[in-house]
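For ligands, and for the atoms within them, numbers begin at 1 and follow the listed sequence. What you are looking at is a predicted structure, and each value in this text was computed from that prediction instead of being measured.
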Amino acid sequence: MLALKLYGKEDLRLVKVNVPRLETSGAILKVGATSICASDIKAYVTGARTKIPIILGHEFAGEVVEASEEFKDYVGKRVAVNPNIFCGKCEYCLQGEHVLCPNRYAIGIDVDGSFAEYVMIPGQAFKVGCVHEIPENLSYEETSLTEPLSACFRGQRKLGIKPGDIVAIIGAGPIGIMHLKLAKAAGASKVIISEIDERRCKIAEDLGADYVVNPTKENLEKKILELTSGRGADAVIVAVGIGQAQKDALRIVARGGRVNFFAGLPAGKEEVLINTNLIHYKQITVLGTSMQTPYEFKKALDLMASGVIDVKPLITHRYSLGNGAEAFRVAMKAEGLKVIINP
Ligand SMILES: [Zn+2]
Ligand SMILES: [Zn+2]
């Protein structure tokens with residue numbers, strides 16, 4: 001089969017490899033659609049992955065074509081898969097906070113992923129509730145976005161977005177836009193987006209942002225205060241991996257507000273000088289979230305199936321596996337939002 005394999009820093013090759021072999025427990029999935037994540041680009045740029053070479057790809061959906069005895073019922077079914085495989089037994093998994101599981105590993109990150117015609121799903125994924133039949137009204141392409149949407153869903157669940165909240169989102173990439181849609185669905189009275197790229201400002205506006213601020217043209221803090229009667233935003237989501245954006249978040253959040261450092265910072269740039277008195281005197285809650293529990297993944301799928309969240313407008317580019325290099329080039333240039341690979 002064809003696969004996009006990462007061999008090291010900026011070394012992604014389209015190769016012919018064997019179709020993965022079924023293990024004693026698990027299934028083989030024929031990939032229906034898979035999408036490029038910012039973390040795939042990060043892996044491409046840095047060459048950093050626990051396993052090298054590796055077939056990348058962790059946002060995907062497909063059809064089960066083969067399964068071990070215990071999962072035979074899934075054969076022929078279209079499924080969405082949470083790529084994170086949890087142990088289900090540690091203290092964190094028992095608490096329902098699977099994302100903290102020290103035994104976690106992920107498809108496309110630690111083992112071969114979905115930028116291929118077929119991908120192997122370990123039996124443990126079925127056992128901990130990470131495999132779901134796709135509702136009839138959802139396509140493979142839409143379903144491949146369950147993974148990033150569910151990570152955003154977790155971020156907002158932890159932030160506790162309530163009806164009437166004014167939410168500020170820094171960054172209007174695919175993740176920022178998903179946060180915009182989720183905040184609207186949660187009843188935010190105003191969603192304000194900060195974005196430096198003009199094309200993405202326009203997209204955010206078209207997709208329902210109440211206000212879009214370009215901080216290279218306007219003073220972000222001043223604008224936010226203006227839009228919130230001088231209070232600041234109740235909740236701020238930092239959806240870009242830039243230290244300055246984290247600093248800005250502490251300034252634009254209201255007293256008693258909540259901030260989520262949703263995006264990780266690049267290696268070597270993790271240390272940010274922040275004014276901790278803002279946290280102390282404004283009594284702000286600052287938190288971070290990443291990944292998603294099996295529950296959050298299922299809820300994100302439900303939100304798409306019920307039509308509450310429509311991810312179709314986020315899909316701006318489609319490529320075949322053979323044109324994978326071009327797909328990566330486009331995703332890196334951030335010309336659109338989500339880039340899908342249809343093997
Ligand atoms: Zn991802
Ligand atoms: Zn665990």
Original post:
If Ile, Leu, Val, Met, Phe, Trp and Tyr residues are connected whenever their side-chain heavy atoms lie under 4.5 Å apart, and connections chain through other members, are Val286 and Ile242 in the same group?
Top reply: yes

**OP:** Please determine which of Leu303, Ile169, Ile161 meets the side chain to side chain contact (heavy atoms under 4.5 Å, CB included) test together with Leu182.
**Re:** Leu303

Original post:
Is the closest basic N to carboxylate O distance between Arg200 and Glu195 below 4.0 Å?
Top reply: no

Original post:
What's the SG-the Zn ion (ligand 1)-OE2 angle here (Cys37, Glu59), rounded to 10 degrees?
Top reply: 90°

Subject >> Angle in degrees, rounded to 10°, that SG of Cys101 and SG of Cys90 form at the Zn ion (ligand 2) >> reply: 110°

**OP:** Please state whether the separation between the Zn ion (ligand 2) and some N/O/S atom of His98 is under 2.8 Å?
**Re:** no

Original post:
Is Glu296 salt-bridged to Lys299, cutoff N-O under 4.0 Å?
Top reply: no

**OP:** Kindly report the SG-the Zn ion (ligand 2)-SG angle for Cys93 and Cys87 respectively, rounded to 10°.
**Re:** 120°

